[in-house]
Every structure is written in structure tokens, then in C-alpha cells.
Amino acid sequence: MNNKRKELIVSAISNGTVIDHIPANKLFQVIRILDLEKSDKEVYFGTNLESKKYGRKGIIKISEKYFEANETDKIALVAPTATLIEIRDFEVIRKSTVSIPEHIEKIAKCFNPNCVTNKEQVPTKFKVIKVDGEIKLACHYCEKNTSQNNMVFN
Amino acid sequence: MKNRSLVSINDFSKEEIMQILEIAAEFEKEPHQNLLNGRVIASLFFEPSTRTRLSFESAIQKMGGNVVGFSSAATSSVQKGESLKDTILTVCNYSDLIVMRHPVDGSARYASEVATVPIINAGDGANQHPTQCLLDLYSIKKTQGTLENLEVTFVGDLKYGRTVHSLVIALCQFNTKFHLVSPVELKLPSAVKRHIKEANLLYEQYTDFSEVIPKSDIIYMTRIQRERFPDPLEYEKVKNAYILDNSMLDDSRENCRVLHPLPRVNEISTDVDSNPKAYYFEQALNGVFVRQALIAAILGLK
């Protein structure tokens, strides 16, 4: 790959965050859960990019945006392999991997339509569990599990 | 257990469950004990369940307590659009304890978080029905003399039957060997099987009923409902495969007992009723004793 080509794929941002190593098939879900469609900042994204580690990956760059804990929790649930790179003045000031929280509150919806959180004004609460390697949200109220594909975030 | 709510059978430890069963045995010997002495217990049935409601109300009245409440949402303020939280907070002002049945999953847990008095879950949608589980455990202990090391056979709808799920999970604390008999479409969900695996216990799955009867200490029958099958032909194929009749018990163990959460339709032939191994009607009576025990324990009266 020559330098010119590389430049096209990875155009730099001066300030903001790069979310790297998103599983290629999760890119659009990450965009959705972070509500980037409504962002008025510069947003770049690409998917099915070559990755030494993962074969194929997705990447998102958002100008002038640094994520709070509740947002990185969401990213971790959908894209557990993601890396967050914070940039100020073209310099990488922080690089971190996301970590899957043990509990989440309010940010996700329960998949069970008959759950009290979908019937009354009750904020959701989940324990994050792993079943056969897959991340699931165990509802504190109805005790049903929401799998990764069915996760909907508030 | 004083002032604690019972929402899910997992809320109580093995020791606490055993304690409730011991108190229940005291109530069986002496059902009329004026422990409540005029205390008020709310019985909020947001959906009708005559059997469970009467069992609770009988338990309360045998202990000298008074009942306030309603037997369906149609006669409550839900009709006017009141939220569950508001109903619960209001009723807390009038009662020392709330017994609640509600069609929504998780409603009991939520109610226990907003209430200022303890809540006993009398069934929340498809989720939990812990007092049924306690009476099942009591019935097993009473008929077998122990809860430990038994072979328990579950028959019928193991997928949607919440009483089956709760009882399987509770029995995982007692070194049970599980025999699971159901049509392929109605197998025990993997989320429940996970509890068996985590406890390192044995289970076997069958589609044929008869071979497992001689191995069983307890046969727990359930009803297979037509509406569980998207294809009516599939229902027709299995509907008669899981019916217990009296001759099938010929090879059963001497100590074997047949349980059923009731109501029964046709899954146990009526010719079983007079067999001494049939235990489902006594099982229902045991429900009153465990509910008395639970109320007494939660109110700190035993």
C-alpha cells in the first residue's frame, strides 16, 4: 500500500476521537447508538478496512468529540474490541480499549415487550453477562436476557 | 427474612427456604393461629387468579388477619390510568404487607423497590411465582422426607412453564437428578439448563414418557397448551403423548408421587386421582401452609 492511498483512508482530525478496531459488521450499529447521524461535527467512517489483528475492521473519526463513560459503555457492549484514540492538536493524547461494564443503567432497552420497563416509567437496569462467549444483558426486573443483536439504546 | 420482599425464589438462600418449610410444617399441625391479630394485608390481583388468591386469603384469615384489595384490574384504579407506582404507594398506607399478582414481567421487583412495606410476588407475568415453588418444595419434602438427592421428572411444557423453571432452579441446590420429558418444541430453555450445568448436576432429556417413570421419585406434570404451537398439526401430534394414566404407574417406585401445579385438563387421567401416588390436590392445600409461613416470617411473627 503506498502513502497516497493511506492518506485517503485515514484523513487526520485535529481535535476529537477516533474509534478504531470496530468489528466490520458492527460499524453502522456503533454510528446509530452514538447518534452520530445527528452530529453537526465532521464525522468520517469506513468499514471492511484491512486489519492485521481482526482481518476486517471499521473505524470512525469524530471531530471535537470526547466520549463520556455512559457512551463508552455502549460502544463496549456493541464493539468490545474497539480502541478509543483521543486527539488534541493532531497529537494522540490518550489511547484506550473499551471495557465491558458489569452493570448498566438507563442506557439500554429491555428486549422483552412485556417487561415492566417497557410498560411503566421505570429506568432500565441490567447485569452484563457472558453466555458461551456472547455478551447479553440480564434484566434486573423481568430476568430475561437481551442478546447483542437485539440491543437498543436510549 | 423480616421485612424482606419475596419476588423471585433466588431471593432466599437454601437455609431461608428450609426455614420457611419448617414453619409451614408447624402451620400444618396447627393452621389456626391468631398471629396477625387484626393486621391488614393487601391482596392486589391485577389479573384474575382465583386459586392463588383464595389460597393467600385463606392463609391470612386463618392467622386472624384482614384482607383489603381487588381481584382484577377492572375493579381497580388501573382502569383510570393510574401507574403501578402510585397504586403501590397508596396501598402501602393501608397495609402491613402486599400480596401482588400482575400480568407484566418484572412488575413485582419494581413494586418491591417503590413500596414501604414488603411485597410477596403472587406471579408477575411469565416471570416468577415463588410461592408456587415453595409449595412444590414443601410437597416434595413432605412426601419424600427430604429434598436431597432425588430423581425428579418434569413432563409436558418445559419451555413456557414458569413453575417448572423456578422449581428446577430451586432444586439445583439439593443435588437433584433431572429427567426432562417434553416435545422437541417445548424443551427446557437453555437459560434454565445453565443453572443445572453450573451446579454440576445431571439431566437427561426425553421425548418418550414411559421409560422414565420407573426412575422417578417425583413426576411433575404440566399442561401442554394448544396456543404454544404455531402449527396446529404439531399440537395434534404431541397432545396425547404426555398423558399419564393409572396403568403407567404400575412400574413406578413405591415412594413415587405425582405433582401438578393445576389446573389440570387431560394430562393426568382421572383414574390416577384415587391412586395413593397422586398428590396434586394435597399439593394445593400445602400452598396455604407455606403462605402462612411466609407471611409470618416476613412480618417477624415466627
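Sequence lines set the chain letters: A, B, ... in the order given, protein chains first and strands last, and positions in each chain run from 1. None of the values given here were measured: they were computed from a predicted structure.
- Of residues 115-144 of chain A, those residues lying under 4.5 Å from chain B by any heavy-atom pair are A/Cys115, A/Val116, A/Lys119, A/Glu120, A/Gln121, A/Val122, A/Lys125, A/Ile129, A/Val131, A/His140, A/Tyr141, A/Cys142, A/Glu143, A/Lys144.
- Around the NZ atom of B/Lys193, the shell of radius 6.0 Å holds more than 12 heavy atoms that belong to other residues, nucleotides or ligands.
- Within 6.0 Å of CZ in A/Arg94 there are 12 or fewer heavy atoms belonging to other residues, nucleotides or ligands.
- In this structure, chain B has a heavy atom under 4.5 Å from the side chain of A/Asn112, while its backbone stays farther away.
- Open room surrounds CD on A/Glu102; 12 or fewer heavy atoms of other groups in view lie less than 6.0 Å from it.
- Counting non-hydrogen atoms of neighbouring residues, nucleotides and ligands closer than 6.0 angstrom, the CZ atom of B/Phe12 exceeds 12 such neighbours.
- Summarising the local packing, NZ of B/Lys159 is surrounded by 12 or fewer heavy atoms from other residues, nucleotides or ligands at distances under 6.0 Å.
- The environment of A/Lys106 atom NZ is sparse: at most 12 non-hydrogen atoms of other residues, nucleotides or ligands sit within 6.0 angstrom.
- Taking a 6.0 Å sphere around CZ of A/Phe67, one finds it holds more than 12 heavy atoms contributed by other residues, nucleotides or ligands.
- Taking 4.5 Å as the heavy-atom cut-off, none of the residues of residues 19-40 of chain A approach chain B.
- Within 6.0 Å of atom OH in B/Tyr206, more than 12 heavy atoms from other residues, nucleotides or ligands are found, so the atom counts as buried in its surroundings.
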